[in-house]
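Since the structure comes first, as structure tokens, the remarks are kept for the end.
None of the values given here were measured: they were computed from a predicted structure.
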Amino acid sequence: MPKVKLLPVPKSLRQGEGTFRLEENLPILIAPGSDKEVNAAWSFAVEAEAKAGVALAVERHGKLDGIRRRILFLVAGRDEALYPKLRALAKPLAKVPEAVRAQAYVLHVAKDEVVAAATSPQGLYYAAQTLRQLLTSSAAIPCVRIVDWPSYPNRGVMLDISRFKVPTLERLFALIERLASLKINVFQLYTEHTFVFRRHPLIGKDCGSVSAEDIIQLDHFCKEHFIDLNANLQSFGHHAHILSIPEYSGLAEQTERPWTFCPGDPRTYRLLDDLYAECLPAYSSKLFNASCDETWDLGKGRSRKRAEQIGVGRVYLEHIKKINRLAHKYGKRMMIWADIILKHPECLPDVPKDILLLEWYYIPGAQLSSFEKLERAGIEFWTCPGVSAWTRIFANVENACRNITERAVLGLKHGATGLLNTDWGDHGHAQMPSASYHGYAWGAEQAWTPNAATSRPDFARRFAWAWFGDDSGRFGQLYDMTGLRTPDPWDPPDRRPFRVYWDKFPCTDSLQFVPPERMDEITARMRKALDLVTELASGGTEHGQVLREFLFGISQMLFVARKAALSREINALRERGTRHLPAALKKQVRELLDEWNRQRGEFEDLWMATSRRSEIGYRLGLYKKRAADYRRMLK
């Protein structure tokens, strides 16, 4: 039998001989009086019809005799009367840590019967997700016995919707369903200003902002997939947008470069109370991420005097305590990013114990002492790595995998209760959505079982199957081909092809980070990736949008190579005192301009396929500005 491909890797798996074969109208049986278990049953039934073309029947039965071939979804401790073997089958669940027992499951697949057992509907839902991956297109499920549970009780993804790109609800629904299939159970939308506030309509105006109704719809959808949609609203720094609105500029810590709310101004808390009153109740979750990170200007403006008296850390802590009381007012438990409080460790003992801290960093090997500090402080915390897709054309897969694995392992060692995988949109959210998918999946696996023993090629095959239904593994190869082998594991934003792409023309300083030999290597890889995309497209696929996004990214990288080479030629002529370009170089510049304009149109089309118009004008403005650079060279 071929080795099964599952993501995440289960804790215990024994594969036997043979398969259970689906047939038309085969029953998926749940017990009388069951409610949420039906979500698990339907999840598998939908997969069976889509993947294998077999329509199954989800039914409730009071007895099982006379039904020889069946799929059972049963709750241990409740359904033993219906299925007496359940007690023995579910016995391993008693040894699962109590914090995650409700998410654990046992899955037994024999030639004539499939039984999924768990102590809760959530555990059964995760059993169904494993069944979905086990199912082949030939309507067969390999015979296995799986006992599985997560290491982290909270496994999440946070998507930035405040750096100019707000996804459509349709795209969010699809993403949530896919994340749930990988057993992700927490989702957040990072929000600064992109929420429709009735009391403050200028905030989020013309930004494609989400409404309270949007959130309620998302919240309901998440519940059906056993995902907790945490509330999220930035509540201290990162407020250049709001503070640039004249009506709110007086709330800034520093008026010359508005960023952080002034904690000494009572109007700050009246505004936050108004925003909380509209935003927080839209979420049924008890958890609320108030963010409060990177308050770099705190104590340097209007709160300077107070900071001189008690210290910047204490000023920060005063604000946190005030907004924590506001969060309680709306029935929420608050979480904040831990970066500022960790810079002032003397304040850690005074952080309210009900606040959940979010430890974050995105460079492998950096800021690792944070784990011990938080463990000693006795404050509950989650660890928050990232998918390394922002300010890049393609994600830095190497950095993401190392960052996520390292923090998953250390977080578990030092008592973290969750892993929140972050996907930021810095500098206009110019990366394509699909750039993050590999990082999402790697994070799902590491949150389920940190440091899962897997090779990169093995993960690529399992990722391709779990995310794309690709049995060949080629989608996984595509991510490795486009996202590996960066010269620096962190590869700072100003040293990436991303910068060269958006830089002025002809480029000067940025060229040092893309030497000719590196661009030759990148070009060779991109041409191989182009062949692979063409091959995948020719086979017919439902993932045409993803392939379009990859084609666009490849064209961007090839454009960078041409732009860098032409910039070097033009710069060399200028150094020799040549003012006018020869006709041959002008022809190349004109070709670059034509390609730039083509890519501008493609960028807009791809954006609009998955997102609201939002604040796309920022990036389109850069396309226009750079086009002017090329035209100037043609004069």
Is any side-chain heavy atom of [X] closer than 4.5 Å to a side-chain heavy atom of [Y]?
X: Phe552; Y: Met432; result: yes
X: Leu107; Y: Val114; result: yes
X: Val533; Y: Leu478; result: yes
X: Glu445; Y: Leu182; result: no
X: His438; Y: Phe459; result: yes
X: Gln103; Y: Arg155; result: yes
X: Phe44; Y: Ile141; result: yes
X: Tyr437; Y: Val546; result: yes

Do you know the tightest heavy-atom contact between [X] and [Y]?
X: Gln431; Y: Arg392; value: CB-O, 3.6 Å
X: Ala118; Y: Ala104; value: CB-O, 3.3 Å
X: Asp219; Y: Ser285; value: OD1-N, 4.4 Å
X: Gly425; Y: Asp160; value: N-OD2, 3.0 Å
X: Cys222; Y: Leu229; value: SG-CB, 4.0 Å
X: Leu189; Y: Asn232; value: O-CB, 3.2 Å

Pairing of Glu359 and Arg407 as salt bridge, 4.0 angstrom limit: yes

Ion pair check, Lys51 and Glu47, cut-off under 4.0 Å: yes

For [X], which residues count as a salt bridge (Lys or Arg N to Asp or Glu O under 4.0 Å) partner, sequence neighbours excluded?
X: Asp426; answer: Arg163
X: Glu375; answer: none
X: Arg171; answer: none
X: Glu177; answer: Arg132

Using only atom types and a distance under 3.5 Å, with no angle test, would you say the side chain of [X] pairs donor to acceptor with the backbone of [Y]?
X: Asn403; Y: Gly386; value: yes
X: Arg461; Y: Gly476; value: no
X: Gln234; Y: Cys292; value: yes
X: Arg333; Y: Lys286; value: no
X: Glu406; Y: Gly365; value: yes
X: Arg525; Y: Met481; value: yes
X: Ser614; Y: Arg612; value: yes
X: Asp339; Y: Trp360; value: no
X: Lys373; Y: Leu348; value: no
X: Ser235; Y: Leu233; value: yes

Evaluation steps, side-chain contact (heavy atoms from CB on, under 4.5 Å), between Leu410 and Thr383: CA-CA 9 Å; Leu410 285 172; Thr383 185; over 6 Å; no

Pair Phe371-Phe381, side-chain contact (heavy atoms from CB on, under 4.5 Å): steps then yes or no: CA-CA 9 Å; Phe371 294 96; Phe381 73 98; 3.9 Å; yes

CA sep, side-chain torsions, deciding dist, call: Lys343, Tyr316, side-chain contact (heavy atoms from CB on, under 4.5 Å): CA-CA 11 Å; Lys343 288 180 180 178; Tyr316 180 85; over 6 Å; no

Any side-chain donor near an acceptor of the partner, Gln446 and Tyr152, under 3.5 Å: no

Donor-acceptor pair between Ser120 and Lys36 side chains, under 3.5 angstrom: no

Positive for side chain to side chain contact (heavy atoms under 4.5 Å, CB included) with Lys183, one of Phe226, Tyr126, Tyr125: Tyr126

Sole residue of Leu356, Leu419, Leu357, Leu374 in side chain to side chain contact (heavy atoms under 4.5 Å, CB included) with Trp382: Leu356

Check against side-chain hydrogen bond (donor to acceptor under 3.5 Å, both in side chains), Asn230 and Gln188: CA-CA 5 Å; Asn230 298 164; Gln188 293 187 16; 3.0 Å; yes

Derivation of the side-chain hydrogen bond (donor to acceptor under 3.5 Å, both in side chains) call for Thr405 and Trp442: CA-CA 8 Å; Thr405 301; Trp442 188 273; 2.9 Å; yes

Ring centroid separation Phe463 to Phe468 under 6.0 Å: yes

Pair Tyr479 + Phe550: ring centers closer than 6.0 Å: yes

CA sep, side-chain torsions, deciding dist, call: Gln129, Gln133, side-chain hydrogen bond (donor to acceptor under 3.5 Å, both in side chains): CA-CA 7 Å; Gln129 306 319 302; Gln133 292 184 27; over 6 Å; no

Euclidean distance, His108 NE2 relative to Arg145 CZ, rounded to 0.5 Å: 6.5 Å

Distance, nearest 0.5 Å, that separates CZ of Arg462 from CG of Leu6: 8.0 Å

Is the ring pair [X]/[Y] parallel, tilted or perpendicular, if the boundaries are 30 and 60 degrees?
X: Trp424; Y: Trp337; value: tilted
X: Trp390; Y: Tyr362; value: perpendicular
X: Phe221; Y: His225; value: tilted

Verdict with reasoning, Ser291 to His238, per side-chain contact (heavy atoms from CB on, under 4.5 Å): CA-CA 9 Å; Ser291 293; His238 282 274; over 6 Å; no

Asp470 vs Ser472, side-chain hydrogen bond (donor to acceptor under 3.5 Å, both in side chains): CA-CA, chis, key distance, verdict: CA-CA 5 Å; Asp470 168 28; Ser472 72; 2.5 Å; yes

Heavy atoms from other residues, nucleotides or ligands near NZ of Lys95 exceed 12 (cutoff 6.0 Å): no

Residues that Asp148 engages under side-chain hydrogen bond (donor to acceptor under 3.5 Å, both in side chains), provided they are two or more places apart: Tyr105, Trp448

side-chain hydrogen bond (donor to acceptor under 3.5 Å, both in side chains) partners of Tyr440, counting only residues at least two apart: Asp423

